[in-house]
Amino acid sequence: MKSLRILMFTTFYPPYSFGGDAIGIQRMARALVARGHDVTVVHDEDSYLILGGRPQPEGPPDGVRRVGLRSRNGMMSNLLTQQLGRPVVHAARIRELLAERKPDIIWHNNTSLIGGPGLLPMGEGLKIYEAHEHWLVCPTHVLWRHGRELCDERQCLRCVLQHKRPPQLWRYTGALDRALDHMDLIIAKSEFSRAKHREFGLRQDMQVLPYFLPDLDQSALPEPAAHDRPYFLFVGRLEKIKGLQDVFPAFDRYPDADLLILGDGDYADELKAQAAGNDRIKFLGRKTPDELNAYYRGALGLIVPSVCYETFGIILIESFRLGTPVIARRLGPFPEIVERAGGGELFETEDDLIAAMRRFQNGGAARDQMAAAARHGFEALWREDQVLGRFGAAFAQAAHRAGRADLAHALEAGAFENGAAG
């Protein structure tokens, strides 16, 4: 099979990254390298550092060529890109990389601070935009209006000022809309996210292609985590929009199980203060992947209470992969994920959450059935090889539409499938 040259652009990428979006991009880059492709990821180190990120150690070599862009004055570089909607300080370097790599595929992810809409028309190759958040229709990326409520209509100027960000005048010129016309394929991560993009004015079509995870060797899984009481689990960044604060009152009323919280974030101190009166709520910090898997395996269920519009919810399929059912807020993409797999329940109110926890703890066979459905759903819908096959088919169709027959044939021949490239 033909080895493809793939050039990815994104604002954040490990080890210069926050949250799960960058990990998803890294997971895709590594999966493509494992299939024999030549993958270069270009990202902006300044954006991570000026937002308070601390330098992290490099991981072991993984075959992905990482190009981190950094300038003498990172704040000014980012401000120019954010305000002008195009790469400024790094424009020459980006053009150089495009000319040097001669990519078959130019794959844009979060381009907000690495080039904005002005980056999208640059270069030759099949052009992809993958919307890991709602930046295409929301200056703050998250459709969380004024920092306190779900967004159901545009109040963008007041909202960005509330978020302490400078307004972007280019958003009112149609520049982003015109730039997206250069894309051969635009990807949404869920049906919900596609609908939200359409609702907030995106004119171009989007195709839904979800996140994925590699499967785990089921014979080598860690033993379930030891804990002296039954427990439910929360995993994720400790931020207000993740909704963990809404779960605490339910545990004040539900004495039969503990809540174990794995993760850290800038809202951690406030959350610990709120939970201080309940010794059954335990903050355990960050864990290694093996430790995390052990806690998943020992949990009655994973609680996912986010109060904002996620684009997907990869934490759900992490839980499904270990056969652990979830209790997720009936919001955003969570209903479509839970209902497609049958791997859990949904809640809207505190009473709903308590009732679901009680069913998980006392339901016996019913909880076991949800656990089996969670695992089956992962295997059928979100396992790496299944999803990569769908990406390959979608890219092949886009290549045909763009008149790139050689690339389409390579993709149709299985370039994204296991062991296809070499």
Side-chain angles (χ1 to χ4, degrees), residues 4 6-12 21-22 24-25 27-29 32 39 41-43 85-87 98 103-143 154 168 170-171 173-212 309-314 332-333 336 387-404 407-408 411 416:
L4 302 177
I6 300 171
L7 186 59
M8 291 183 164
F9 288 98
T10 183
T11 295
F12 299 111
D21 294 350
I25 297 165
R27 189 176 291 118
M28 175 62 80
L32 294 170
V39 181
V41 178
V42 185
H43 67 102
R86 58 183 174 83
L98 287 163
D104 299 298
I105 299 172
I106 302 173
W107 197 325
H108 298 289
N109 295 280
N110 171 9
T111 59
S112 59
L113 293 179
I114 196 171
L119 174 64
L120 304 187
M122 296 173 66
E124 299 296 326
L126 189 74
K127 290 188 171 70
I128 310 296
Y129 192 97
E130 187 169 358
H132 298 271
E133 70 298 278
H134 291 109
W135 175 76
L136 294 180
V137 294
C138 174
T140 67
H141 303 228
V142 290
L143 293 173
R154 290 185 180 276
Q168 298 168 307
W170 56 260
R171 284 191 176 268
T173 68
L176 180 55
D177 184 57
R178 293 189 296 274
L180 288 170
D181 283 336
H182 291 267
M183 298 297 100
D184 298 301
L185 176 66
I186 304 176
I187 298 168
K189 303 311 295 176
S190 62
E191 294 289 351
F192 170 83
S193 184
R194 175 164 65 176
K196 275 297 167 190
H197 278 88
R198 187 182 301 118
E199 176 186 336
F200 279 86
L202 189 74
R203 174 172 56 82
Q204 291 81 6
D205 291 334
M206 303 182 85
Q207 184 161 346
V208 176
L209 293 169
Y211 284 107
F212 64 85
Y309 292 138
E310 307 271 3
T311 58
F312 183 73
I314 198 164
E336 71 185 79
V387 176
L388 263 291
R390 282 175 256 164
F391 268 81
F395 280 36
Q397 292 171 1
H400 275 301
R401 292 193 298 268
R404 301 175 183 272
L407 177 57
L411 291 160
F416 279 14

Distance (rounded to the nearest 0.5 Å) between Leu120 CG and Thr111 OG1: 5.0 Å
Any side-chain heavy-atom pair of Leu185 and Leu126 under 4.5 Å: no
Passing candidate, side chain to side chain contact (heavy atoms under 4.5 Å, CB included) with Val42, options Leu98, Thr10, Ile114: Ile114
Ring geometry between Trp135 and Tyr129 (parallel below 30°, tilted from 30 to 60°, perpendicular above 60°): parallel
Arg390 to Pro210 - nearest heavy-atom pair and separation: NH1-CG, 3.9 Å
Donor-acceptor contact present, side-chain Arg404 to main-chain Asp104, <3.5 Å: no
Gln204 atom CD, neighbour heavy-atom count above 12 within 6.0 Å: yes
Given Arg194, Arg198, Glu199, the one that forms side chain to side chain contact (heavy atoms under 4.5 Å, CB included) with Lys196: Glu199
Considering all heavy atoms, the nearest Asp184-Ala398 contact: O-CB, 3.7 Å
Closest non-hydrogen atom pair between Pro87 and Gly115, with its separation: CD-O, 3.2 Å
Closest heavy-atom pair and its distance - Thr11, His43: O-CB, 3.8 Å
Distance in Å, Leu113 CG paired with Leu119 CG, rounded so as to fall on 0.5 Å steps: 12.0 Å
Minimum side-chain heavy-atom gap Met122-Ile106 below 4.5 Å: no
Inter-residue atom distance Leu411.CG - Ile105.CD1, 0.5 Å rounding: 5.5 Å
Euclidean distance, Leu143 CG relative to Glu310 CD, rounded to 0.5 Å: 11.5 Å
Shortest non-hydrogen contact from Val137 toward Phe200: CB-CB, 3.8 Å
Close side-chain approach of Asp21 and Phe12, heavy atoms under 4.5 Å: no
Test item: Lys189 side-chain N/O and Val208 main-chain N/O as donor-acceptor pair under 3.5 Å: no
Donor-acceptor contact present, side-chain Glu336 to main-chain Phe192, <3.5 Å: yes
Residue pair Gln207 / Ala394: nearest heavy atoms and the distance that separates them: NE2-CB, 3.4 Å
Spatial distance of atom CE (Met8) from atom CD (Glu130) [nearest 0.5 Å]: 7.5 Å
Parallel, tilted or perpendicular: ring planes of Trp107 versus Phe416, cut at 30 and 60 degrees: parallel
Donor + acceptor pair across side chains of Thr311, His134 (<3.5 Å): no
His132-Asn109 side chain donor-acceptor pair, cut-off 3.5 Å: yes
Atom pair CZ (Arg171) and SG (Cys138), whose distance is rounded to the nearest 0.5 Å: 7.5 Å
